[in-house]
Structures are given as C-alpha cells and as structure tokens.
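Written out below as structure tokens is the structure these notes cover.
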Amino acid sequence: MKRTLQQLLRRTVLAAASLAALPAAQAAVIDFENLGVGGVGHNEFFQQAGFDLAGYSAASDALDGDLVGTINDGSDPGSCFNLMCPSSASHYYAGLNDGVLEITRSVPQQTFRLHSFDASFIGATVGGVYPAVAGLLRIQGSFADGSYVYEDYQLAGPGANGFAFGHYTTSAAFGAKQFVAIDLFAFTCNAGGNCNAFQTNKGQFALDNLNVSAVPEPSSWLMLGAGLLGLAAVRRRRAA
C-alpha cells in the first residue's frame with residue numbers, strides 16, 4: 001500500500017509539472033487566405049484559424065447586412081471598389097464605412113493574445129490628397145469582466161505608389177495580455193493632425209497577417225491533478 005501511495009503522489013507531481021510545462025499559447029496567423037472574396041455586412045461573421053471574425057457598424061441606426069468590410073484579393077484591383085487600397089499579392093480584410101472588426105476565439109470566453117499585424121489606411125477617393133498620417137488604427141482588447149485597454153497605430157499616407165501595408169508589433173505589455181475579444185477600427189486624420197472615428201464614414205483600413213496565440217485551457221489538467229490528489233488521500237486513510 002505504501003508503494004502505491006508513493007506512485008500516486010509521484011503521478012500527481014508529474015501532472016503538475018506537465019501543467020507547468022504546457023506552452024503558454026498556441027500560435028496562429030489570420031491571413032484571410034482561402035476565404036471567398038466579397039462583402040461583410042453588419043452582424044455577419046466568418047471563421048479562420050480557430051477564430052471568429054465579425055463585422056459591426058457603430059451607427060445607432062445600422063441594419064443587419066449594412067456593408068462594413070470586404071475580403072479583397074490584392075492581385076485584383078477591381079476588388080477594391082474604386083477606393084484607394086494598398087497593393088498586395090494576397091487576400092486581406094478591408095474595414096469600410098467606419099466599420100469595426102471584432103475577433104474572438106471560436107470557443108466562447110477562451111482567451112488569446114495579439115503580437116503583430118500588417119495594416120494600411122484605405123483612401124475614400126482614388127488620387128485624393130492625404131496627410132502624412134492618413135489615419136489611426138485602434139486595437140481595443142476586452143477582458144472577461146468587461147474592462148478593456150487599447151493601443152493606437154499610425155497609418156501612413158500614400159507614397160509614390162499609393163498606400164502600402166506596414167508591419168506593426170504590439171507593445172510588450174499589450175501583447176502579454178489575454179483577451180476574450182479584440183475590436184479594430186480606424187480614425188481618419190486631417191492635415192492638422194486631428195483624428196476622428198465614427199464621424200466621417202471614411203475611417204477605413206486594410207488588415208492582414210495577424211499573429212495571434214490562443215491560450216490553452218488548462219482545466220482538464222487541473223482536474224487530473226485534483227483527482228490524483230483525492231485518490232492519494234483515500235489510499236492514505238485506508239493505510240492508516
């Protein structure tokens with residue numbers, strides 16, 4: 001009996017060690033490839049890499065299906081719908097008409113982190129004049145208790161070849177946080193540096209290659225450890 005108890009305790013320690021050794025997160029990339037090109041309406045969603053991506057309008061009178069974004073084929077200029085989009089050789093998401101893109105895990109209430117992404121401003125007028133900072137992209141991460149934090153990223157105006165994707169990395173503090181949802185939306189800026197969201201219908205952005213990591217759910221490992229400890233306690237009482 002003593003030997004059996006020692007074995008159970010050893011297994012419990014090994015289970016705890018296994019839990020501690022689990023990877024902090026499982027990496028994935030949301031790149032919008034292999035998704036059909038087309039519009040995304042208010043309250044519509046699609047899935048990729050174990051995540052749900054939903055389009056929303058911030059307008060109080062928005063109706064289901066109102067256009068808030070598209071999945072564009074960067075190799076097809078016609079997919080940009082007469083807007084001034086960045087050049088790209090791949091599919092990407094275009095947030096349009098002051099629309100919001102919300103990202104959550106496909107399994108409700110499970111958390112994830114965002115580490116980096118590619119983004120660009122989308123101009124409302126082809127050939128229009130834009131300031132050096134054409135807009136801001138806000139990334140707002142929400143926690144299970146309803147609180148949130150956010151970071152803003154400057155989206156450059158067009159260069160000689162128009163708008164272009166830039167690569168952005170979240171801060172160490174933001175990238176370490178575990179969110180249940182992340183909302184992304186754009187501000188449009190004027191030459192004076194004043195930026196506004198949800199006021200012009202021109203807060204538009206292109207998004208690609210989001211590097212995210214899904215935080216694994218440890219409950220099954222915790223249950224295993226608790227079960228082994230409980231069994232060990234029963235064996236200890238019988239041995240006494």
Side-chain angles (χ1 to χ4, degrees), residues 28-41 44 46 48-49 51 53-58 67-103 114-140 150-170 182-191 193-212:
V29 177
I30 301 172
D31 60 9
F32 307 101
E33 298 300 327
N34 302 315
L35 297 173
V37 173
V40 176
E44 293 179 353
F46 53 97
Q48 189 181 44
F51 290 83
L53 298 98
Y56 293 104
S57 171
L67 185 67
V68 294
T70 59
I71 297 175
N72 288 355
D73 179 354
S75 64
D76 177 12
S79 68
C80 193
F81 299 104
N82 297 318
L83 299 173
M84 196 170 179
C85 294
S87 59
S88 174
S90 64
H91 287 191
Y92 63 89
Y93 181 81
L96 306 177
N97 303 326
D98 290 346
V100 179
L101 179 67
E102 182 175 84
I103 304 173
L114 173 63
H115 306 288
S116 65
F117 57 93
D118 297 335
S120 169
F121 193 73
I122 293 179
T125 305
V126 175
V129 178
Y130 299 90
V133 176
L136 303 176
L137 180 65
R138 174 161 293 181
I139 298 184
Q140 182 171 297
Y150 66 85
E151 291 190 339
D152 292 337
Y153 301 85
Q154 293 185 347
L155 302 177
N161 297 315
F163 286 104
F165 276 100
H167 184 70
Y168 300 83
T169 301
T170 58
I182 287 179
D183 293 295
L184 303 98
F185 54 92
F187 292 65
T188 182
C189 302
N190 60 28
N194 296 314
C195 304
N196 296 290
F198 309 132
Q199 297 181 19
T200 64
N201 216 37
K202 297 179 181 179
Q204 306 186 130
F205 62 96
L207 186 69
D208 203 0
N209 300 322
L210 293 98
N211 287 285
V212 292

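Atom CG in Leu53 sits 8.0 Å away from atom CG in Leu210 (nearest 0.5 Å). With values rounded to the nearest 0.5 angstrom, Leu114 atom CG is found 4.5 Å from Ile182 atom CD1. Between the CG atom in Asp31 and the CZ atom in Phe117 there is a gap of 16.0 Å [rounded to 0.5 Å]. Taking CG of Leu155 as the start and CZ of Phe121 as the end, the distance is 7.5 Å to the nearest 0.5 Å. A distance of 4.5 Å separates CG of Leu35 from CD1 of Ile71, quoted to the nearest 0.5 Å.
Thr70 places no side-chain N or O within donor-acceptor distance of the main-chain N or O of Gly38, the cut-off being under 3.5 Å. No donor-acceptor pair closer than 3.5 Å links the side chain of Asn72 to the backbone N or O of Gly74. The closest donor-acceptor contact from the side chain of Asn196 to the backbone of Gln199 lies at 3.5 Å or more, if one exists at all. Side-chain atoms of Ser120 never come within 3.5 Å of backbone atoms of Ala206 as a donor-acceptor pair (strictly under, hydrogens ignored). Listed for the Gln140 side chain is no donor-acceptor partner under 3.5 Å among the backbone atoms of Leu184. For Gln48 (side chain) and Phe32 (main-chain N/O), a donor-acceptor pair under 3.5 Å exists by modelled atom type.
Between Pro131 and Cys189, the shortest heavy-atom contact is CG-O, 3.4 Å.
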With side chain to side chain donor-acceptor pair (under 3.5 Å) as the criterion, how do Asn211 and His115 come out once you've worked through the C-alpha distance, each side chain's angles and the decisive distance to 0.1 Å? CA-CA 6 Å; Asn211 287 285; His115 306 288; over 6 Å; no

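Summarising the local packing, CG of Asn34 is surrounded by 12 or fewer heavy atoms from other residues, nucleotides or ligands at distances under 6.0 Å.
Two residues are said to be in side-chain contact when any heavy atoms from C-beta on lie closer than 4.5 Å; Gln204 and Asn97 meet this criterion. Between Phe163 and Tyr130, some side-chain heavy-atom pair lies under the 4.5 Å cut-off. Ile139 is not listed as a side-chain neighbour of Tyr150, based on a closest heavy-atom distance of 4.5 Å or more. In this structure, the side chains of Met84 and Thr125 stay at 4.5 Å or more apart for every pair of heavy atoms. Leu137 places none of its side-chain heavy atoms less than 4.5 Å from the side chain of Tyr168. Contact annotation: the side chain of Val68 never approaches that of Leu96 to less than 4.5 Å [non-hydrogen atoms, C-beta and beyond]. Side-chain contact between Ile122 and Pro86: present, with at least one pair of heavy atoms (C-beta onward) separated by less than 4.5 Å. The shortest distance between side-chain heavy atoms of Leu136 and Gln154 falls below 4.5 Å.
Aromatic rings of Phe165 and Tyr92 (six-membered ring for Trp) have centroids within the 6.0 Å cut-off, being under it. Taking the six-membered ring wherever Trp is involved, the centroid distance between the rings of Phe198 and Phe185 falls below 6.0 Å.
By the 30° and 60° cut-offs, the orientation of the rings of Phe205 relative to Tyr93 is tilted.
Defined by atom type and a distance below 3.5 Å, a donor-acceptor pair is missing between the side-chain atoms of Ser88 and Asp208. Between the side chains of Asp118 and Asn209, at least one donor N or O sits under 3.5 Å from an acceptor N or O.
A side chain to side chain contact (heavy atoms under 4.5 Å, CB included) with Ile103 is found for exactly one of Asp183, Val212, Ile30, namely Ile30.
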